[in-house]
Amino acid sequence: MGTIVVLTGAGISAESGLGTFRDKDGLWTKYDLSEVATPEGFFHNPGLVHRFYNARRANAAGAEANAAHRALARLQRDYQGEVVLITQNVDDLHEQAGSTDVIHMHGQLSGALCADCGARWPAPREMQPETPCPTCDGRARPDIVWFGEMPYQMERIFDALAQADLFVAIGTSGTVYPAAGFVAEAAQNGAETLEINLEPSGGPFDRILTGPASKVIADWVDAMLSETPGRETRA
Ligand code: OAD
């Protein structure tokens, strides 16, 4: 059995009611990302940045995992090989669906990070510029990777891409690097590549399945698991 590396983006959470970034009505059509998703934006107007992420946190708290998240959790559980799940999403819907060991390369809404000393702690529901770091009393920020910052766990991700037999990108526009480069990296390492999206992103994939994630992923996972005996059915 081979190793499957899955990369998810905002499209997988769209049917859970969480908006994407670049689709019609996406977040980046309503907000200036340089104001709310960069270290410079936080420095200039921390109140605006906290309001933006407080709203994201409130939305995510009310959202439920959909059939696509659940299908991927089933793949992780029942596939005989390894399934590495990397997400650009900052919600916890993969975990809600039962996935474990999810690599949140862009951070998580549930985390707080000290802009001064780097301490991490669970984010309160609402953060303000006055929210103090419990370690040094410094400036608390959401534990989100902003533009210009290095995504998390890159070493582990590149190790996984080196091992991948199949790389699958789900619901991501492929516009933000380094994630957008994973398909080329995996292909160069000999992996087959598959995109699942409402419409093709234009990335260099071997195969593309189009349609809403909840339907297409559930069908794809069924097909993957029927190709090989699942863990549940092994003696
Ligand atoms: P985007 O908003 O750029 O792209 C969302 C993708 O999901 C598009 O390609 C849509 O076609 C697709 N999509 C929408 N609804 C779908 C559905 N129901 N089923 C399947 N696909 C669907 O979001 P990302 O690619 O995730 O980073 O954005 C990448 C990063 O840019 C985010 O992690 C975020 C953002 O700025 C940071 O904030 C650091």
Side-chain angles (χ1 to χ4, degrees), residues 1-13 16 65-108 110-111 145 150-174 176-197 201 203-209 211 213-235:
M1 278 306 98
T3 297
I4 305 176
V5 177
V6 177
L7 170 71
T8 64
I12 197 168
S13 296
S16 294
N66 67 51
H69 300 101
R70 288 194 294 274
L72 287 182
R74 192 156 56 88
L75 183 71
Q76 273 193 311
R77 195 188 63 217
D78 293 345
Y79 183 68
Q80 274 192 315
E82 196 186 353
V83 179
V84 179
L85 181 52
I86 306 165
T87 188
Q88 298 167 88
N89 299 342
V90 294
D91 61 55
D92 68 350
L93 298 183
H94 283 304
E95 285 85 354
Q96 222 189 78
S99 279
T100 50
D101 201 15
V102 183
I103 301 177
H104 280 272
M105 64 177 290
H106 288 168
Q108 288 187 267
S110 58
V145 176
M150 179 60 80
Y152 296 148
Q153 302 195 57
M154 290 308 296
E155 213 178 295
R156 199 175 151 208
I157 291 172
F158 278 100
D159 282 350
L161 292 171
Q163 306 292 323
D165 296 291
L166 174 63
F167 172 78
V168 191
I170 298 172
T172 175
S173 61
V176 177
Y177 283 84
F182 292 172
V183 56
E185 176 75 18
Q188 205 178 359
N189 295 332
E192 190 195 338
T193 59
L194 168 68
E195 167 164 61
I196 298 178
N197 201 313
S201 67
F205 293 89
D206 298 325
R207 275 200 304 147
I208 302 172
L209 298 172
S214 58
K215 168 86 179 97
V216 182
I217 296 174
D219 290 350
W220 172 70
V221 168
D222 283 345
M224 289 300 293
L225 293 178
S226 66
E227 272 175 22
T228 56
R231 280 191 180 135
E232 288 173 334
T233 57
R234 274 193 302 176

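Position 1 is the first residue of the sequence, and the numbers go up from there. What you see is a predicted model; the values in this text were computed from it and never measured.
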Is the ring pair F205/F167 parallel, tilted or perpendicular, if the boundaries are 30 and 60 degrees? parallel
Roughly how far apart are [X] [atom1] and [Y] [atom2], rounded to 0.5 Å?
{"X": "T8", "Y": "L93", "atom1": "OG1", "atom2": "CG", "result": "10.0 Å"}
{"X": "D92", "Y": "S13", "atom1": "CG", "atom2": "OG", "result": "9.5 Å"}
{"X": "M224", "Y": "Q80", "atom1": "CE", "atom2": "CD", "result": "11.5 Å"}
{"X": "R156", "Y": "I103", "atom1": "CZ", "atom2": "CD1", "result": "3.5 Å"}
{"X": "I196", "Y": "T172", "atom1": "CD1", "atom2": "OG1", "result": "13.0 Å"}
{"X": "T3", "Y": "D159", "atom1": "OG1", "atom2": "CG", "result": "11.5 Å"}

So do [Y] and [X] actually touch side chain to side chain, heavy atoms under 4.5 Å?
{"X": "I12", "Y": "I217", "answer": "yes"}
{"X": "Q163", "Y": "V84", "answer": "no"}
{"X": "L72", "Y": "H94", "answer": "yes"}
{"X": "H69", "Y": "S16", "answer": "yes"}
{"X": "I86", "Y": "Q153", "answer": "no"}
{"X": "P151", "Y": "Q88", "answer": "no"}

Is the backbone of [Y] close enough, under 3.5 Å, to the side chain of [X] for a donor and an acceptor to pair up by distance?
{"X": "D165", "Y": "A191", "answer": "no"}
{"X": "D206", "Y": "E192", "answer": "no"}
{"X": "E195", "Y": "S201", "answer": "yes"}
{"X": "T87", "Y": "H104", "answer": "no"}
{"X": "N89", "Y": "D91", "answer": "no"}

[X] to [Y] - nearest heavy-atom pair and separation:
{"X": "Q96", "Y": "A65", "value": "OE1-N, 2.9 Å"}
{"X": "A73", "Y": "G98", "value": "CB-C, 3.9 Å"}
{"X": "A71", "Y": "A218", "value": "CB-CA, 3.8 Å"}
{"X": "L7", "Y": "A179", "value": "CD2-O, 3.9 Å"}

If a pair satisfies side-chain hydrogen bond (donor to acceptor under 3.5 Å, both in side chains) and one of its residues is in residues 214-223, list it, with sequence neighbours excluded. E15-S214, R74-D222, K215-D219
Evaluate side-chain contact (heavy atoms from CB on, under 4.5 Å) for E95 paired with V102, printing each intermediate quantity in order. CA-CA 7 Å; E95 285 85 354; V102 183; 3.6 Å; yes
What pairs with S99 under side-chain hydrogen bond (donor to acceptor under 3.5 Å, both in side chains), at least two apart in sequence or on another chain? Q76
